[in-house]
Enquirer: 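Below is one structure. I have some questions about it.
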Amino acid sequence: MSNTPDVVRTVKELRGITAEWRRDGEASALIPTMGALHEGHLSLIDLAHEHADRSVVSIFVNPKQFSPAEDLATYPRDEEGDLEKLYERDADLVYIPDGPEMYPPDFSTSIGVEGMSQSLCGASRPHFFGGVATVVAKLLIQAQCDYAVFGEKDYQQLLVVRRMARDLNIPTEILGAPTVREDDGLAMSSRNQYLSRQDREMAPHLYAVLENVAESIRAGVAVGKALHEGVQVLAQAGFDVDYLELRDGRTLEPIDALTESSGRIFAGAYLGKTRLIDNIAV
Ligand code: PAF
């Protein structure tokens, strides 16, 4: 391997380095990932460096956020490629714990964020946000950074993590970073590589429909009608739509009119076996 950033694999090593940064008066930011890094992840490092002197990227494919029927075994993994990208993007440190380092055999704790974990993605993936909240709480406590950065593409995840950190008094500020898109509008995701060529051509319709629905709502079309039409367009394009909803972007409460400036449209849909999610502010 040519050039790689510093890598640690244990909590002890990680804490040693972040504590040293703190002693030196340097602020640090954690970027939690499951690897298979793309430009969306790398943009989180850029945002981290706008707030902090030092960045640490974690790579851990978290089994607790996959159901037995999901793609844990086949989830894309490319440690060597990831390390090269992180070196090029000036990540200061990479934390790659193995399974037992994160979850010792007698691990018995789980964290659940009631309410906002149950709707949208949580309705069809009931295991998901508990698994995310548990691993992210651990990562925040392990790294003890000043900031942690999450992409707005997973907006519900961002809100769940923010609520969890607040509720548990974890003193890490949670930052959200704008979604990074391919030239045709498709939100970048590690799972995009599962798409067949034909599905990859259809995939940008998801973002296009979000844009169209937002425009209709802004133009005064009734929210229910605009969403219904959006679902129909997606179904015609071959999507199996899980949800297309207008929600309050701060609380995730359902809203049926644009009374406030915080309305956000959320979509989750399958193309073949690949689940795509996206969201935009209205
Ligand atoms: O968004 C992800 O990649 C994961 O859900 C996260 C935040 C790294 C937790 O495993």
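Heads up: numbering here begins at 1 and tracks the sequence. Bear in mind the structure is a predicted one, so any value in this text is a computation, not a measurement. Numbering of ligands and ligand atoms starts at 1, following listing order.
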Enquirer: Which of the numbered atoms in ligand 1 are below 4.0 angstrom from a heavy atom of Q65?
Expert: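 Contacts of ligand 1 toward Q65, numbered from 1: 4 (C), 5 (O), 9 (C), 10 (O).
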Enquirer: How about F128 and F66: are their ring centres within less than 6.0 Å of each other?
Expert: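 When the ring centroids of F128 and F66 are compared, they turn out to be at least 6.0 Å apart.
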Enquirer: Quick check: F266 with Y243 (ring centres under 6.0 Å apart)?
Expert: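 Between F266 and Y243, which both carry aromatic rings, the centre distance is not below 6.0 Å.
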Enquirer: Would you mind running through ligand 1 and noting each atom that sits below 4.0 Å from a heavy atom of Q157?
Expert: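 Counting from 1, the qualifying ligand atoms are 1 (O), 2 (C), 4 (C), 5 (O), 7 (C).
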Enquirer: Need the ligand 1 atom indices (1-based, order shown) with element for anything under 4.0 Å from a heavy-atom of V135.
Expert: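 This gives 9 (C), 10 (O) as the contact atoms.
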Enquirer: Side chains of D90 and I45: does their closest heavy-atom pair fall under 4.5 Å?
Expert: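 No, side chains not in contact.
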Enquirer: Looking at atom 3 (O) of ligand 1, what's its closest protein heavy atom, distance included?
Expert: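 Among all protein heavy atoms, the one nearest atom 3 (O) of ligand 1 is M34 CG, 3.7 Å.
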Enquirer: Could you tell me which atoms of ligand 1, counted from 1 in the order shown, lie closer than 4.0 angstrom to a heavy atom of T33?
Expert: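 Reading through ligand 1 atom by atom, the close ones are 8 (C).
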Enquirer: Does the distance from a Lys or Arg side-chain N to an Asp or Glu carboxylate O, for E26 and R22, drop under 4.0 Å?
Expert: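 Here E26 does not pair with R22 in a salt bridge, since their nearest N and O are not under 4.0 Å apart.
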Enquirer: Would you please classify the geometry between the Y103 ring and the F107 ring as parallel, tilted or perpendicular, with 30° and 60° separating the classes?
Expert: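 F107 vs Y103 ring planes: perpendicular.
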